[in-house]
Each structure stands twice: as structure tokens, then as C-alpha cells.
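Side-chain atoms are counted along with the backbone in the values below, which use heavy atoms only and exclude waters and symmetry mates. Every number for a ligand or one of its atoms is a count from 1 in the order of the listing.
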Amino acid sequence: MSAKLSVEGVTKRYGALTAVDSIDIEFGTTKKYGLIGPNGAGKTTLFDLISGVQRPNEGEIIYDGTPITNEPPHVITERGLAKTFQEGEVFDDMTVIENLLAVWSGSLHDGLEYGETLLEQFEMLHVRDLPAGDLSGGQTKVIGLIRTLMTQPEFVLLDEVLAGVNPTLQRTILSDLDDMHEDGVTFVMIEHDINAIMEFTDYVFALSDGRLIAEGTPEEVRNDEIVLESYLGESA
Ligand SMILES: Nc1ncnc2c1ncn2[C@@H]1O[C@H](COP(=O)(O)OP(=O)(O)O)[C@@H](O)[C@H]1O
Ligand SMILES: [Mg+2]
């Protein structure tokens, strides 16, 4: 069986720094994936490379059997592969629902309906008509996630969507994402909180200094000697 998403020998350099170093990773569709590693390990850069925000210096990225290595972000999103932004990223002077409609490609009626369904699901309906600039940091993160989900993706890269979100809302998010996974959506989660990774994911890749240093079940990776060493000296 071929992988849904393959990262093959991918390297990204910024000047003398190799942010992502010859990474090989394969993602299927039946698991919920985690991507962990200390700050600066290259996690966000890897997501940027997959989603077309950055171009690798070397390697290929293949989605659904087709190379997407040099495709622009909007083409990759149209293919069903979407990414959240680490900072949530919304248009401050637009209302929440306008932010959602801005990324919707169908009719206004359907967009309103779909947006409201997602807002309700993530317990955000009460901020529907607020300017996005008035939201708290945590709320902005959730609206950013919902905005990504408005593209009706089949494969989603989640870059720290739980960070800064209150524990109750974190529970809601994780349970909603679980339901979506049951309905066929694949997730790759970057999260600093190892407990969230342990709880949500089935299979974890660990990066350090741009390299893949371990992979396996969350339990295996958490107890991996090299992973533990790579976190030493980091104050989480
Ligand atoms: N646009 C950029 N220009 C230069 N260096 C960058 C850029 N983006 C990331 N880096 C560097 O690449 C490394 C990996 O960063 P990043 O992928 O953001 O790590 P992580 O998400 O794992 O914390 C870091 O050393 C970071 O400073
Ligand atoms: Mg990051």
C-alpha cells in the first residue's frame, strides 16, 4: 500500500543552518500522527515545506501519488492538504464569520451554514459577529483552526493549535478532531504538551536539529533514550 503523503529526502537550509535535514517520513490515513521535538527542531519548517509555504533545497514531497514539491500553497490546499498557522492568523478587522467565508469557495449560503456548524462544534458560535481583532489569544487559535477546516481538507497539519487555549476548550478541540478522524480526515499534530500528544496520537515522529531521531507509538518515542537526551536542557 502506498502512503498518502511521503516526504522523501527533504532538506531545507537557511544560509549555514540546516533547518530540515534529509527527512524521510511516510504518512498513511488510518492513524493520528504526532510530530515532536525541542524548539528549533524544524517542525514548523517541515510543515511549511509540505504545505508549499517554503521550497526544499533537496527532496520530493508526494501527496496522493503526485509530487507537490514545487506547487504553490493554494494548489496544495485545493488538493485537500491544509495547514494551520502557528499563530492562528486571522484578519483582525473582519468579523469571525467573514474570516471563515474568506476561505470558502462555494456559495454564500453553504459557507454560512458550514461556518456556523464548525463554530457550534468548537463552542465558538458566541463570537460569530465579533471583529477577529477582539478575540483572546486562545480564541484566535481556535478560529484559525476552524478557518483551516473551512477548506474541507482530507489531510490537516496542526501546528500547536492547543497552545494558549484553556483546558476545557482543549478537550472540546481534541474530541472534535477525533470525530473528524473517524469521518476520514487525517491529522498530523505538532504540540509542545507531550500529554496531548500521548492522548491524541497513535504514531509519533521526533525531530531534533532538523533530523528524524525516532518514530513509533507515543509510548515508545516518549521513552526513547535519544529523544530524552534531545530534550535535556530545554525548559518547556
Ligand atoms: N525563515 C527562516 N529564516 C531563517 N531561519 C529560519 C527560518 N524559519 C526557521 N528558521 C530556523 O530554522 C530552525 C527550525 O525552526 P522551526 O522549524 O520554526 O522549529 P520548530 O517549529 O521545531 O520550533 C530554527 O533554528 C529557526 O530559527
Ligand atoms: Mg514551530
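When each atom of ligand 1 is checked for a heavy atom of Asn39 under 4.0 Å away, the hits are 23 (O). Counting the atoms of ligand 1 from 1 in the order shown, those under 4.0 Å from a heavy atom of Ala19 are 12 (O), 13 (C). Proximity to Ala41 (heavy-atom distance under 4.0 Å) selects the following atoms of ligand 1: 19 (O), 20 (P), 22 (O). Every atom of ligand 1 with a heavy atom of Thr45 under 4.0 Å away is listed here by number and element: 9 (C), 14 (C), 15 (O), 16 (P), 17 (O).
Under a 4.0 angstrom heavy-atom cut-off, Gly37 registers as lying outside contact with ligand 1.
Among Leu158, Asp159, Val165, Leu118, the one residue that satisfies the side-chain contact (heavy atoms from CB on, under 4.5 Å) test with Leu145 is Leu158.
Side chains of Glu215 and Tyr33: no donor on one and acceptor on the other come within 3.5 Å.
For residues 114-131, the salt bridge (Lys or Arg N to Asp or Glu O under 4.0 Å) pairs, not counting sequence neighbours, are Glu116-Arg128. The salt bridge (Lys or Arg N to Asp or Glu O under 4.0 Å) analysis of residues 33-54, with sequence neighbours excluded, yields the pairs Asp48-Lys83.
Proximity annotation for atom 18 (O) of ligand 1: of Thr44, Thr18, Leu17, Thr44 comes nearest, heavy atoms only.
Side-chain atoms of Ile23 and Leu207, non-hydrogen and from C-beta on, do get closer than 4.5 Å to each other.
With 2.8 Å as the limit, Thr45 does not count as an N, O or S neighbour of the Mg ion (ligand 2).
Relative to the six-membered ring of Tyr203, Lys32 misses at least one condition, a distance below 6.0 Å or an angle of at most 45° to the axis.
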